[in-house]
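Structure first, then comments.
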Amino acid sequence: MVVTTNAKLQEKLDSLVEIMETEDIEKFVRAFVPLDLSEEEISDYLARLKEDKSEWENIKIEIKTIAEGDSVTKIEGDQVRSAVFFFQHPSFDQVDREVEFVFEQSEWRAQG
């Protein structure tokens with residue numbers, strides 16, 4: 001089990017988990033996506049999550065895994081400006097994942 005050493009990043013991850021538990025997909029997307037996405041890109045991503053429940057369930061599992069440190073094997077980056085979480089996906093055998101968060105405009109956001 002590996003969790004971030006950055007308290008603000010951990011707060012962000014915990015906040016995302018709380019939002020996901022309410023099933024408010026739009027609120028989650030607006031808190032999660034990179035700040036440089038256009039409104040059209042945000043709308044497209046939101047529509048995809050609403051239409052494809054398996055994708056929504058998958059992202060919920062991944063964020064919860066990162067927040068709790070379950071299956072996280074390492075975190076690369078300085079955890080001040082960026083953090084890349086490496087973990088085995090809990091729902092899929094032998095599927096390794098990496099998810100990056102970056103600190104921009106005074107908040108943590110997913111990258112890519």
Side-chain angles (χ1 to χ4, degrees):
M1 179 166 145
V2 179
V3 295
T4 182
T5 56
N6 184 302
K8 292 289 186 192
L9 175 53
Q10 188 63 51
E11 285 175 22
K12 177 67 174 198
L13 295 169
D14 293 341
S15 170
L16 291 172
V17 170
E18 288 175 17
I19 293 169
M20 291 183 309
E21 288 173 348
T22 70
E23 296 295 321
D24 189 337
I25 299 173
E26 183 167 359
K27 186 174 181 181
F28 168 78
V29 167
R30 299 229 174 248
F32 175 71
V33 299
L35 293 172
D36 63 353
L37 288 188
S38 69
E39 195 58 39
E40 181 180 350
E41 291 169 314
I42 293 169
S43 293
D44 288 346
Y45 183 57
L46 177 60
R48 197 168 72 234
L49 288 180
K50 286 182 174 182
E51 291 168 11
D52 185 349
K53 294 300 181 188
S54 65
E55 187 170 348
W56 171 236
E57 291 303 316
N58 185 56
I59 193 75
K60 288 181 357 184
I61 290 167
E62 289 187 355
I63 298 302
K64 187 172 183 181
T65 296
I66 291 168
E68 294 176 353
D70 295 341
S71 305
V72 175
T73 56
K74 67 180 175 177
I75 303 171
E76 290 185 352
D78 61 12
Q79 298 186 53
V80 175
R81 290 174 307 229
S82 80
V84 183
F85 296 83
F86 293 84
F87 59 98
Q88 183 172 355
H89 196 287
S91 298
F92 304 107
D93 289 339
Q94 299 184 358
V95 174
D96 293 328
R97 293 281 296 131
E98 59 185 76
V99 175
E100 181 176 9
F101 281 82
V102 294
F103 192 73
E104 55 185 25
Q105 297 181 29
S106 301
E107 71 176 295
W108 285 97
R109 291 296 185 125
Q111 177 64 30

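Val99 and Met20 fall within the same hydrophobic cluster, where Ile, Leu, Val, Met, Phe, Trp and Tyr residues are linked whenever their side-chain heavy atoms come under 4.5 Å apart, directly or through other members. In the hydrophobic clustering of ILVMFWY residues, with side-chain heavy atoms under 4.5 Å counting as a link, Leu49 and Ile42 come out together. In the hydrophobic cluster analysis, where Ile, Leu, Val, Met, Phe, Trp and Tyr join through side-chain heavy atoms closer than 4.5 angstrom, Val72 is grouped together with Val17.
Under the 4.0 Å criterion applied to side-chain N and carboxylate O atoms, Arg109 and Glu104 are not assigned as salt-bridge partners. Note on Lys60 versus Glu23: salt bridge recorded, some NZ/NE/NH1/NH2 to OD/OE distance being below 4.0 Å.
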### Query
Run the side-chain contact (heavy atoms from CB on, under 4.5 Å) check on Lys27 and Thr22 step by step: do they pass?
CA-CA 10 Å; Lys27 186 174 181 181; Thr22 70; 5.7 Å; no
### Message
Could you go through Asp44 and Glu41, starting from their C-alpha distance and side-chain angles, then the distance that decides it, and tell me whether this counts as side-chain contact (heavy atoms from CB on, under 4.5 Å)?
### Response
CA-CA 5 Å; Asp44 288 346; Glu41 291 169 314; 5.6 Å; no
### Query
Stepwise, does the side-chain contact (heavy atoms from CB on, under 4.5 Å) test hold for Val2 with Phe86?
CA-CA 10 Å; Val2 179; Phe86 293 84; over 6 Å; no
### Message
If you apply the rule side-chain contact (heavy atoms from CB on, under 4.5 Å), what do you find for Phe101 with Leu13, and how did you get there?
### Response
CA-CA 10 Å; Phe101 281 82; Leu13 295 169; 3.7 Å; yes
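The NZ atom of Lys8 sits 10.5 Å away from atom OG of Ser106, with the distance rounded to the nearest 0.5 Å. Taken from CD in Gln79 to CH2 in Trp108, the straight-line distance is 7.5 Å, to the nearest 0.5 Å. To the nearest 0.5 Å, atoms OG (Ser82) and CD1 (Ile75) are separated by 11.0 Å. Remark: Glu51 CD to Ile25 CD1 distance equals 10.5 Å, nearest 0.5 Å. In this structure, the separation between CZ on Phe87 and CD on Glu68 is 12.5 Å, given to the nearest 0.5 Å. In this structure, NZ on Lys64 lies 6.0 Å from CD on Glu21, to the nearest 0.5 angstrom.
For the residue pair Ala110 and Pro34, the shortest heavy atom distance occurs at O-CG, 3.1 Å. In this structure, Thr65 and Ser71 approach most closely via the heavy-atom pair CG2-CB, 4.1 Å.
A heavy-atom distance below 4.5 Å is not found between the side chains of Asn6 and Phe103. Looking at Ile59 and Glu62, their side chains come closer than 4.5 Å, going by heavy atoms from C-beta outward. Taking 4.5 Å as the limit, every side-chain heavy atom of Gln111 sits out of range of all side-chain heavy atoms of Val84.
The salt bridge (charged side-chain N to carboxylate O under 4.0 Å, His left out) check on Arg81 picks up Asp78, with sequence neighbours excluded.
When atom types are taken as modelled, the side chain of Ser43 and the backbone of Glu39 share a donor-acceptor pair closer than 3.5 angstrom.
Among pairs with a residue in residues 41-68, those fulfilling ring pair (Phe, Tyr, Trp, His ring centres under 6.0 Å) read Phe28-Trp56, at least two apart in sequence or across chains.
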